[in-house]
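Hydrogens, waters and symmetry mates play no part in the numbers below; they use all other heavy atoms, side chains included. If you're wondering where the values come from, they're calculated on a predicted model, not measured in any experiment. Here is the naming used below: chain letters follow the sequence lines, and residue numbers restart at 1 for every chain.
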Number of protein chains: 2
Amino acid sequence: MVHGPRWRRRPSERPSEILQAALEVFAEQGLARARVEDIAKRAGVSKGTVYLYFTGKEDLFREALRDRVARTLEGLSAAASQGDPAERLERFIDAYWLQLRRPSFGAMYVLLLAELPQFPELSRFYAEEVSGKVVQLSAAIIREGSESGQFREIDPLVASRMMVSLLVQHAIWTSRPELFPHLGTRDSADIVTEIKQFTLSALVCASGRAA
Amino acid sequence: MVHGPRWRRRPSERPSEILQAALEVFAEQGLARARVEDIAKRAGVSKGTVYLYFTGKEDLFREALRDRVARTLEGLSAAASQGDPAERLERFIDAYWLQLRRPSFGAMYVLLLAELPQFPELSRFYAEEVSGKVVQLSAAIIREGSESGQFREIDPLVASRMMVSLLVQHAIWTSRPELFPHLGTRDSADIVTEIKQFTLSALVCASGRAA
DNA sequence: CAGAAGTTACTGACCGGTCATTCATTAATC
DNA sequence: GATTAATGAATGACCGGTCAGTAACTTCTG
């Protein structure tokens, strides 16, 4: 058998290759069960190499999650920038749903919920830079629609939370069909349409019940 | 110092004491990180005793979760049984929210999402007996409201999923305030009121946009 | 009723396997 | 041949699970 070199030196690409592999393994196994050796194997390197670029398993976890979390907001502000409020809201929903249905989202969200208490710094980052921002962005659209009279009067932050709830929860359900059979065989496009219709019904409806 | 007996024989109470302690520790630490010794300590027994009543850590996990999960549906069908659809829906929301805001819910839900893939049997139990049932129950109320003309025409299963999304997601957020600052200092009662109003707005509104 | 004999709930030191981390060595590259 | 990237065998901490021993409780006997 003819072999190429047993390995190649690629110092600049290694870190991101390892992070990618790490996110996958952490997503499948969780922090405690994931084995550094498996992450290394998936990244095509040996266990020792991981320790050249990261100080340990926890560091690797932190970086992998930060890397993925930081992308959640990609494209959201752009989507929200053109047209009348209802259109913009629909585009916002589409853009957010695009992020949420990425296969890694469900896993990442579970990792966030399950492991983040151990990483206070990363928790703060997530709360400030991600979780809060999504609600703020959509709230801005809703506020405008409210002021222009296109949407009924409603606290924009409340409405925004409701809409985000619908999207996130449906994304989680979609990511675990074996636990949540009530979605049946609906595809992603149907779901997002249902969410849009429900949200807009709640927003354009004049009625409103007095408290 | 005077000591009582070093321990007492209480064979009949042991199992449930251990399950209770187990649920708490699993909720805090996850399956892999939780130590049997810590569960034992919290239950006030030694490690060996745990193995008298359960065959191992996984068995303990399975039983603790099944025990808790089985209670999720408590009181839901009763709540849904009197009055016109809007009232019944509000009572259903109140009853479900009562379950969801129990401190153990957030933790249990995360355990479900994170660890259940390893327990196919328990997954099936959850999917069939819990997850599906909640949606069915509320869908029945909505269907009736739709048929009586009190709610607009809408697929009851879709509307039901939307409503459950709102409740479950807000419960998760509530259970991790450090990750989700957008709820501010709102209390539980405000949140459930907001959810009711939003849901009913979406349901009673005549408008509807053509697809 | 004493207290001996028997039963079993319970304990905790120990064993064995797993896996994060280290580091002496080797291979590629300059 | 000097430098640095990469390897993988070796190390040791940790923890699930075991089991010989002990203490609480029960029953039997005179």
Side-chain angles (χ1 to χ4, degrees), chain A residues 1-65 111 114-115 118-119, chain B residues 1-65 111 114-115 118-119:
Chain A
M1 291 225 294
V2 179
H3 287 106
R6 279 214 282 152
W7 43 265
R8 241 176 249 281
R9 293 164 57 137
R10 291 188 294 168
S12 65
E13 286 117 76
R14 286 287 184 237
S16 64
E17 290 169 355
I18 294 172
L19 283 180
Q20 174 61 36
L23 188 67
E24 292 173 21
V25 176
F26 284 135
E28 288 164 18
Q29 310 283 347
L31 173 57
R33 182 185 309 280
R35 296 168 46 194
V36 173
E37 176 123 36
D38 291 340
I39 293 170
K41 196 161 287 172
R42 191 171 306 205
V45 299
S46 75
K47 205 164 33 150
T49 301
V50 172
Y51 287 90
L52 293 177
Y53 295 100
F54 301 92
T55 55
K57 194 191 191 184
E58 291 206 344
D59 180 45
L60 191 52
F61 180 79
R62 217 188 326 268
E63 294 305 316
L65 214 56
L111 285 178
E115 322 272 14
Q118 299 172 63
F119 301 90
Chain B
M1 292 224 295
V2 180
H3 286 108
R6 281 214 279 147
W7 45 266
R8 240 175 248 281
R9 294 167 54 147
R10 291 188 294 164
S12 64
E13 288 116 74
R14 287 288 185 232
S16 66
E17 290 169 355
I18 294 172
L19 282 181
Q20 174 61 35
L23 188 67
E24 292 173 20
V25 175
F26 284 135
E28 287 164 18
Q29 310 283 347
L31 173 57
R33 182 186 309 280
R35 295 168 43 189
V36 174
E37 176 125 34
D38 291 341
I39 292 170
K41 195 162 288 171
R42 192 171 304 205
V45 298
S46 74
K47 189 159 58 141
T49 300
V50 172
Y51 288 90
L52 294 177
Y53 296 101
F54 300 94
T55 56
K57 194 191 192 184
E58 291 208 344
D59 181 45
L60 191 53
F61 181 78
R62 216 188 326 270
E63 295 305 316
L65 213 56
L111 285 178
E115 322 271 14
Q118 300 171 61
F119 301 89

>> Could you walk me through whether B/Leu60 and B/Ile18 satisfy the side-chain contact (heavy atoms from CB on, under 4.5 Å) test, starting with their C-alpha distance in whole Å, then the side-chain angles of each, then the deciding distance to 0.1 Å, before giving a yes or no?
In response: CA-CA 9 Å; B/Leu60 191 53; B/Ile18 294 172; 3.8 Å; yes
> Just how far, in rounded Å, is C1' of C/dA20 from CD1 of A/Ile39?
Replying inline: 11 Å
> So which pairs with a foot in residues 11-55 of chain B pass ring-ring contact (aromatic ring centres under 6.0 Å, His included), sequence neighbours left out?
Replying inline: B/Phe26-B/Phe61
>> Under 3.5 Å, is there a donor on one side chain and an acceptor on the other for A/Arg62 and A/Gln118?
In response: no
>> Going by salt bridge (Lys or Arg N to Asp or Glu O under 4.0 Å), name the residues that satisfy it together with A/Glu17, two or more places apart in sequence or in a different chain.
In response: A/Arg10, A/Arg14
> Is A/Leu31 close to B/Arg33 at the side-chain level, that is, under 4.5 Å between some pair of heavy atoms?
Replying inline: yes
>> Please encode protein proximity along nucleotides 9-20 of chain D as a string of B, S and -, counting only heavy-atom distances under 4.0 Å.
In response: -B----SBBB--
>> Check this one for me: any side-chain N or O of B/Thr49 less than 4.0 Å away from OP1 or OP2 of C/dC10?
In response: no
>> Is there a side-chain contact between A/Tyr53 and the phosphate of D/dA5, meaning an N or O under 4.0 Å from OP1 or OP2?
In response: no
